[in-house]
Amino acid sequence: MPYISHTDQQRAQMLAEIGLKPEDLFSDIPPALWCRPLNLPEGLSEQEVRSRLAAIASKNYIHLTCFLGGGFYDHFIPAAVYALTSRSEFYTAYTPYQPEVSQGTLQAIYEFQSVICRLTEMEASNASLYDGGTALYEAMMMALRLTRRNKVIVDDSVNPIYRVMLHSYTRNLKIELTETENAGGLANREAIRRALDEQTAAVIVQNPNFFGCIDDFTDLAEAAHSKGALLIVSCYPISLGILKAPGAMGADIVTGEGQSLGLPMCFGGPYLGFMATRKEYVRQMPGRIVGQTVDAQGRRGFVLTLQAREQHIRRDKATSNICSNEALCALTALVYLCLLGKEGLRETAQLCADKASYAYQRLTAIPGVRPHFPAQWFFNEMVLDLPCEAAEAAAKLIERGYAAGFPLSRYYKGMNNSLLIAVTEKRTKQEIGMLAEELEAIL
Amino acid sequence: MKRKEKAMKLVFEKSAAGRRGLRIPKSDVPTSIHLKKEYLRAQPAALPELSELDVVRHFTELSRRNYGVDTNFYPLGSCTMKYNPKVCERIASYPGFAHLHPLLPQLRGGGMLTQGALEVLYETDLMLREICGMAAFTMQPMAGAHGELTGIMMMAAYHRDRGNHKTTVLVPDSAHGTNPASAAIAGYTVKTVPSDEHGCMSLSALKAMLNEETAGIMLTCPNTLGLFNPHVKEICELVHSVDGLAYYDGANLNAIVGKVRPGDLGFDIVHVNLHKTFATPHGGGGPGAGPVGVAEKLVDYLPVSVVVKREDGTYALEYNRPKSIGYIAPFYGNFGVILRAYVYLLMLGREGLERVAENAVLNANYIQEKLKAYYDVPHPGICKHECVLSAARQVKESGIHALDIAKALIDAGFHPPTMYFPTIVKESLMIEPTECESKETLDAFIEAMIAIAQKARTEPETLRAAPITTPVGRLDETKAARELNIACL
């Protein structure tokens with residue numbers, strides 16, 4: 001066994017030194033509780049396991065040109081990202097409980113919190129959460145605690161996967177979750193204002209929303225605040241390279257999925273949830289937080305702070321049950337954002353928007369293909385209506401080498417012909433042109 | 001001697017306007033769109049401006065200010081910091097896994113393009129069933145505590161389905177804080193069961209607390225004192241007698257893997273911290289993965305989707321499960337973490353897994369025995385994968401606390417054990433060596449612990465000054481909380 005160092009002789013020696021026989025080690029467990037030998041295969045060598053897993057990996061088809069998005073995107077990842085995050089001092093470390101030997105992780109988290117605040121234009125961020133969906137759920141719970149109210153309004157242009165998660169998590173709680181139907185691709189102002197009352201804890205919206213449409217929620221923040229409710233905005237961090245930040249709209253809690261910041265798609269995880277808020281709400285924020293301080297000699301250092309909110313201190317009264325963050329994913333996002341820098345992120349976002357705009361022109365030029373929300377501005381994702389069932393068209397395009405987009409019929413009634421198409425900076429003019437030709441050919 | 005360390009600059013303090021770390025390709029499309037001005041941000045986000053070399057130096061320097069398992073012995077109790085085989089990292093980076101879009105199997109015909117990934121999920125599920133003695137697993141929970149919440153949500157669904165009116169979840173006083181927090185967040189009232197004089201949950205106290213309102217119990221076995229409760233099967237039966245469910249917190253599964261199966265003991269729900277027992281890296285605090293296994297009577301409540309194997313041998317995702325608790329994750333869990341655990345399981349096989357528990361337990365007992373003359377052992381006798389020492393003697397004799405001992409260990413080149421947990425032991429130091437460490441490493445650690453015990457008597461002031469070999473000394477945590485500075489804006 002390569003992962004156990006003891007030789008048989010050493011084991012015998014160790015047992016002798018502490019006066020035990022091998023059978024003593026489990027003598028505290030009543031024999032009646034012992035299990036039968038496990039029915040598992042024999043262990044493999046590294047050579048065998050690598051060839052077996054290479055064969056399994058080859059059953060996954062990754063050669064489709066990717067126009068799939070839906071909140072998870074095929075962005076370019078610079079080589080330096082993996083080179084740095086694969087340093088074992090980062091990935092084989094634990095939660096930084098001993099700050100003197102964990103300054104690397106702690107300073108990185110402090111810097112991560114800082115870039116999230118700068119991107120979202122908020123004052124406080126935590127050290128990350130599991131993913132964008134659980135971050136949104138935690139934001140909702142935080143709003144319920146802050147307002148001591150029990151109603152939440154969610155617009156249906158918020159990612160439907162996240163909306164079903166909100167329902168699962170609150171099934172045993174006395175929370176009234178109201179979903180409003182979007183108005184022409186944007187959050188439904190009229191329905192939200194109608195639903196808002198003195199018992200509303202929060203209004204939840206997304207930008208760009210699930211349809212890719214861009215919105216400005218300044219008016220909704222005012223409407224929510226006038227009733228004493230909070231505005232929660234879920235956002236796509238790459239878009240913040242050019243789009244108005246949720247903080248500038250008056251949002252109270254901002255969350256999002258950080259996968260697009262240098263993390264591979266990896267079949268759904270590990271990903272990265274981020275969360276930012278106003279400084280006044282920080283004591284109700286879930287998750288870990290790193291703070292700056294000094295040692296006895298006045299040297300700057302970083303520690304986990306405000307731990308009195310957390311489960312290991314407050315147990316059943318904690319702000320949440322989570323006792324980890326996605327530290328390595330947060331580090332990845334930080335390294336990615338540092339490499340891109342101020343201009344690089346802006347240019348990447350602009351490139352996404354430009355290429356999506358080109359794709360829109362090419363695809364809507366096909367007879368029978370029309371935008372579903374013609375009046376709306378979009379960032380890098382759009383809903384196009386096809387002259388046939390979208391799921392069928394997508395299936396045909398897979399055979400031609402394109403993951404053309406996500407058919408919306410699964411989540412939205414009456415949108416059987418609608419396809420959600422995402423374009424990142426990785427897609428070339430030629431790939432977009434080929435998609436248009438292939439789509440035209442199958443229609 | 002003290003290293004001369006300068007305070008490290010923040011990445012923002014190294015920024016120079018106009019510097020670039022990455023060239024962005026020129027646009028190859030004819031359009032350059034100008035979005036409506038009200039939708040745009042006034043100025044670009046104030047990210048740092050650095051060259052690639054600046055970024056590489058900055059993060060390489062940060063990495064040097066961290067202990068990891070690859071650099072130092074890391075006996076952090078209950079965290080199970082075992083060695084992470086390199087081959088797992090290599091395989092996780094195969095493009096066939098890393099570049100797979102999670103929505104692909106949700107397209108018509110797309111499932112056939114992700115057969116490899118679905119196979120990994122399905123096979124890991126089967127192996128975990130065998131190891132834990134459960135009927136089925138969900139791979140979706142993204143951490144141990146997330147698994148706890150998922151398990152409690154299934155517990156609630158079970159009771160709701162049977163028309164039971166249950167309000168309370170019981171947890172022992174030695175439980176991880178996540179147990180009561182998870183139960184509370186799912187809507188239950190939490191009641192704490194005290195430990196008896198042997199360090200295990202008091203059977204008589206449990207009997208007195210069980211009633212019709214009991215939805216279930218959450219138990220770690222061996223517990224956070226490293227002790228296996230011999231009455232664990234009886235506890236499960238008692239809970240079942242009031243139609244409650246027994247939840248097994250698998251945080252300490254490393255101690256019994258291949259020896260005892262929670263399902264055989266009568267547990268209905270189990271979560272497994274893959275990063276602990278199956279050697280996926282902790283990443284400085286995450287990502288983890290916390291698959292949850294259930295007994296037959298709870299299979300219908302598992303979250304969607306569920307990976308199934310069809311008669312023709314292909315894999316598919318099943319969504320139509322009316323009793324399911326619904327989605328608890330957007331997709332299939334932390335796939336990259338599950339994949340690493342799968343590789344580890346394949347490499348260990350049956351025999352390797354049995355060796356894990358044997359050697360983890362040997363190492364913990366070796367440390368406990370060798371140190372019992374120098375530190376108090378509140379619960380002597382055989383321990384499982386971790387031992388809990390107390391610095392009560394040092395506090396009394398020379399005012400040296402568990403914290404001072406931990407910091408002195410840093411100067412000796414070791415990551416400290418867990419301090420002040422479990423809270424039911426005063427001045428506790430919880431040591432978990434894992435099965436991976438060699439006799440030589442354990443001997444060096446024991447020697448350091450003995451030297452510290454001696455120094456506590458002879459020169460306690462040097463321990464209070466520790467650590468002195470690190471970039472920073474002991475940090476002012478009160479100041480950090482009072483003068484809150486959590487972002488550089």
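Just the heavy atoms: all of them, side chains too, but no hydrogens, waters or symmetry mates, feed the values below. Reminder, nothing fancy here: chain letters follow the sequence lines and each chain counts from 1. Predicted, not measured: the structure shown is a model, and the values here were computed from it.
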Pick one of side chain, backbone, both or neither for [X], based on which atoms fall under 4.5 Å of a heavy atom in chain B.
{"X": "Ala54(A)", "answer": "both"}
{"X": "Cys338(A)", "answer": "both"}
{"X": "Leu331(A)", "answer": "side chain"}
{"X": "Ala248(A)", "answer": "neither"}
{"X": "Ile242(A)", "answer": "both"}
{"X": "Val290(A)", "answer": "backbone"}
{"X": "Leu68(A)", "answer": "both"}
{"X": "Arg171(A)", "answer": "both"}
{"X": "Leu351(A)", "answer": "side chain"}

Polar contact flag, side-chain donor to acceptor under 3.5 angstrom, Glu358(B)-His6(A): no

Modelled atom types, side-chain donor and acceptor of Tyr110(A) and Asn485(B), under 3.5 Å: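 Per modelled atom types, Tyr110(A) and Asn485(B) side chains form a pair under 3.5 Å.
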
- prompt: Minimum heavy-atom separation for Leu484(B) to Lys279(A), with atom names?
  reply: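 Scanning both residues completely, I find the closest heavy atoms to be O-NZ, 3.2 Å.
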
- prompt: What are the two closest non-hydrogen atoms of Lys384(B) and Asp28(A), and how far apart are they?
  reply: NZ-OD1, 2.7 Å

- request: Could you check if a side-chain atom of His101(B) sits within less than 4.5 angstrom of a side-chain atom of Asp74(A), using non-hydrogen atoms only?
  value: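 His101(B) does not reach Asp74(A) side chain to side chain.
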
message: Quick one, Val55(B) and Leu84(A) - any side-chain contact, counting heavy atoms below 4.5 Å?
response: yes

- request: Test Arg65(B) against Glu100(A) for salt bridge (charged side-chain N to carboxylate O under 4.0 Å, His left out), laying out the working first.
  value: CA-CA 8 Å; Arg65(B) 295 175 178 232; Glu100(A) 299 89 346; over 6 Å; no

- prompt: Can a cation-pi geometry be assigned to Arg355(B) and Tyr3(A), taking NZ or CZ under 6.0 Å from the six-membered ring centre and within 45° of the ring axis?
  reply: no

message: For Asn359(B) and Arg11(A): C-alpha separation, side-chain torsions, deciding distance, then whether side chain to side chain donor-acceptor pair (under 3.5 Å) applies.
response: CA-CA 8 Å; Asn359(B) 287 280; Arg11(A) 276 182 58 87; 2.9 Å; yes

message: For the aromatic rings, using the six-membered ring if either is Trp, is the centroid distance between Phe267(A) and Phe97(B) under 6.0 Å?
response: no

